[in-house]
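What follows is one structure encoded as structure tokens, with my remarks underneath.
So you know, we letter chains A, B, ... as the sequences are listed, proteins then strands, and number each from 1. Only this structure's heavy atoms are used, side chains among them; waters, hydrogens and symmetry mates stay out.
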Protein chains: 2
Amino acid sequence: MSANSRLTIAAHALAWIGLYQREGHEVATSEQIATSANTNPVVIRRLLGELRKAGLVESRRGVGAGWSLARELESITLLDVYDAVEPGPLFALHRATPNQGCVVGHGIRPAMQGVYGGIEETLRAELARVTMEDVLRDVLAVPR
Amino acid sequence: MSANSRLTIAAHALAWIGLYQREGHEVATSEQIATSANTNPVVIRRLLGELRKAGLVESRRGVGAGWSLARELESITLLDVYDAVEPGPLFALHRATPNQGCVVGHGIRPAMQGVYGGIEETLRAELARVTMEDVLRDVLAVPR
DNA sequence: AGTAGTCGTAACGTTAGTTGTTACGACTGT
DNA sequence: ACAGTCGTAACAACTAACGTTACGACTACT
């Protein structure tokens with residue numbers, strides 16, 4: 001599977017903003033977050049833009065601009081982040097529609113859809129059990 | 001997420017072979033399976049080759065050659081198929097190592113690794129609950 | 001022994017998604 | 001007015017999946 005790191009980077013950004021705000025700062029810049037995540041500020045802005053659409057963060061423009069949390073870290077679950085940044089389903093069905101004249105070709109899509117649906121529900125429940133507060137706690141618990 | 005259809009096509013092929021054998025045939029050809037899945041025979045051979053490495057199917061060469069199940073459908077779970085055809089992890093960590101001088105950059109990878117590990121375990125347990133026999137039953141239960 | 005059918009696999013092009021980068025307009029505190 | 005930052009478009013690089021062609025390897029059958 002071509003795993004992508006969108007969820008990881010988005011969680012990184014949220015944890016960074018959350019910690020920064022606890023240190024008394026108002027807003028964090030995409031530049032600062034990009035330096036921590038070792039990537040490009042535009043990548044951060046793109047991801048945070050999707051988180052903003054989902055109502056997880058807010059942004060200010062102009063001088064002294066930057067990003068801040070729209071909700072407390074403990075009220076943001078990984079499922080919220082996942083829904084905000086991951087577009088497609090976990091497993092894809094056939095790229096071309098299978099042969100409908102064949103029994104298997106006809107029934108396989110609904111069958112797999114049912115299976116995948118149940119599995120994705122379980123995955124979502126697992127993601128919903130972890131809050132960004134949990135993540136930040138784990139981050140800070142790592143010995144250096 | 002760039003979802004791929006490898007698991008879907010592999011399950012399709014197994015279900016097809018299983019049904020074909022129940023109809024009294026010895027082996028199924030990649031050509032037949034490809035026609036049902038509406039793809040290229042080489043794609044099927046590649047996937048079945050990985051299933052063979054995992055001990056799920058067998059192949060014969062020469063005239064009258066083809067593929068047959070190495071195990072009963074009810075003893076093959078989707079987890080077996082998943083492990084055979086899906087190489088990487090579900091979620092990727094950072095592409096470039098984050099800034100180790102930053103508290104978040106230093107702790108984020110172990111933290112996310114822990115979370116992802118737990119989630120993948122749950123996913124695997126779900127996949128292990130579904131056998132190819134279940135899948136074939138669902139396939140045949142679809143009204144036409 | 002020859003032939004035909006099928007696998008096994010390499011090679012290559014196409015497509016699609018992610019990521020990185022540059023560029024520049026829009027906005028706003030000073 | 002200026003400077004700093006967001007917002008976003010545009011494009012290149014990279015990767016993986018997928019489709020296709022090609023051809024050697026193998027074997028049941030005649």
Side-chain angles (χ1 to χ4, degrees), chain A residues 1-10 12-13 17 20 25-35 37-53 57-68 70 84-98, chain B residues 1-10 12-13 17 20 25-35 37-53 57-68 70 84-98:
Chain A
M1 168 162 313
S2 69
N4 61 34
S5 60
R6 299 166 68 85
L7 182 58
T8 302
I9 303 295
H12 187 143
I17 298 173
Y20 198 58
H25 302 90
E26 287 272 330
V27 295
T29 70
S30 60
E31 174 87 32
Q32 295 171 314
I33 302 169
T35 298
N38 193 11
T39 181
N40 193 288
V42 175
V43 174
I44 300 298
R45 291 206 286 270
R46 279 198 289 236
L47 280 173
L48 287 180
E50 303 187 58
L51 296 186
R52 181 184 48 213
K53 281 187 214 154
V57 298
E58 292 166 346
S59 67
R60 277 191 227 162
R61 307 179 73 167
V63 174
W67 305 82
S68 55
V85 303
E86 297 284 358
L90 206 52
F91 299 110
L93 295 182
H94 303 67
R95 177 170 285 207
T97 62
Chain B
M1 167 162 313
S2 68
N4 60 35
S5 59
R6 298 165 70 83
L7 182 57
T8 301
I9 304 294
H12 186 144
I17 299 172
Y20 198 57
H25 302 90
E26 287 270 330
V27 296
T29 69
S30 62
E31 174 86 31
Q32 295 171 313
I33 303 169
T35 298
N38 194 12
T39 180
N40 194 288
V42 176
V43 174
I44 300 298
R45 291 206 288 271
R46 279 198 290 237
L47 279 173
L48 286 181
E50 303 187 58
L51 296 186
R52 182 184 47 213
K53 281 188 213 153
V57 298
E58 292 166 346
S59 67
R60 278 191 226 163
R61 307 179 73 165
V63 172
W67 304 82
S68 55
V85 301
E86 297 284 357
L90 207 53
F91 300 110
L93 295 182
H94 303 68
R95 177 171 284 207
T97 62

Given atom CD1 of B:Ile44 and atom C1' of D:dA17, what is their separation to the nearest angstrom? 14 Å
Spacing of B:Leu93 atom CG relative to C:dT18 atom C1', expressed in whole Å: 16 Å
What side-chain hydrogen bond (donor to acceptor under 3.5 Å, both in side chains) pairs are there with at least one residue in residues 37-48 of chain A, not counting sequence neighbours? A:Ser30-A:Arg45
Closest approach of B:Val27 and B:Ser68, non-hydrogen atoms and distance? CG1-CB, 4.4 Å
note: B:Asn4, atom CG; D:dC18, atom C1'; distance rounded to Å ~ 10 Å
Please report, rounded to the nearest Å, how far the P atom of D:dC29 is from the CD atom of B:Glu26. 11 Å
Distance check needed: D:dA17 P versus B:Ile9 CD1, whole Å only. 13 Å
May I have the distance from B:Asn40 (atom CG) to C:dT15 (atom P), rounded to whole angstrom? 16 Å
Under 4.0 Å protein heavy-atom contacts per nucleotide of nucleotides 3-9 of chain D, with B for base, S for backbone only and - for none: BBSBBBB
Value in whole Å for how far the C1' atom of D:dG19 lies from NE2 of A:His94: 15 Å
Counterpart residues, side chain to side chain contact (heavy atoms under 4.5 Å, CB included), relative to B:Ala28 (two or more places apart): B:Trp16, B:Ile17, B:Tyr20, B:Gln32, B:Ile33
With sequence neighbours left out, the residues meeting side chain to side chain contact (heavy atoms under 4.5 Å, CB included) with A:Ala10 are A:Leu51, A:Val81, A:Val85
Rounded interatomic separation in angstrom, taking CZ from B:Phe91 and C1' from C:dT18: 16 Å
List for me each residue that meets salt bridge (charged side-chain N to carboxylate O under 4.0 Å, His left out) alongside B:Arg60, sequence neighbours excluded, and say none if there are none. B:Glu26
For A:Arg52, side-chain hydrogen bond (donor to acceptor under 3.5 Å, both in side chains) partners two or more places apart: A:Ser59
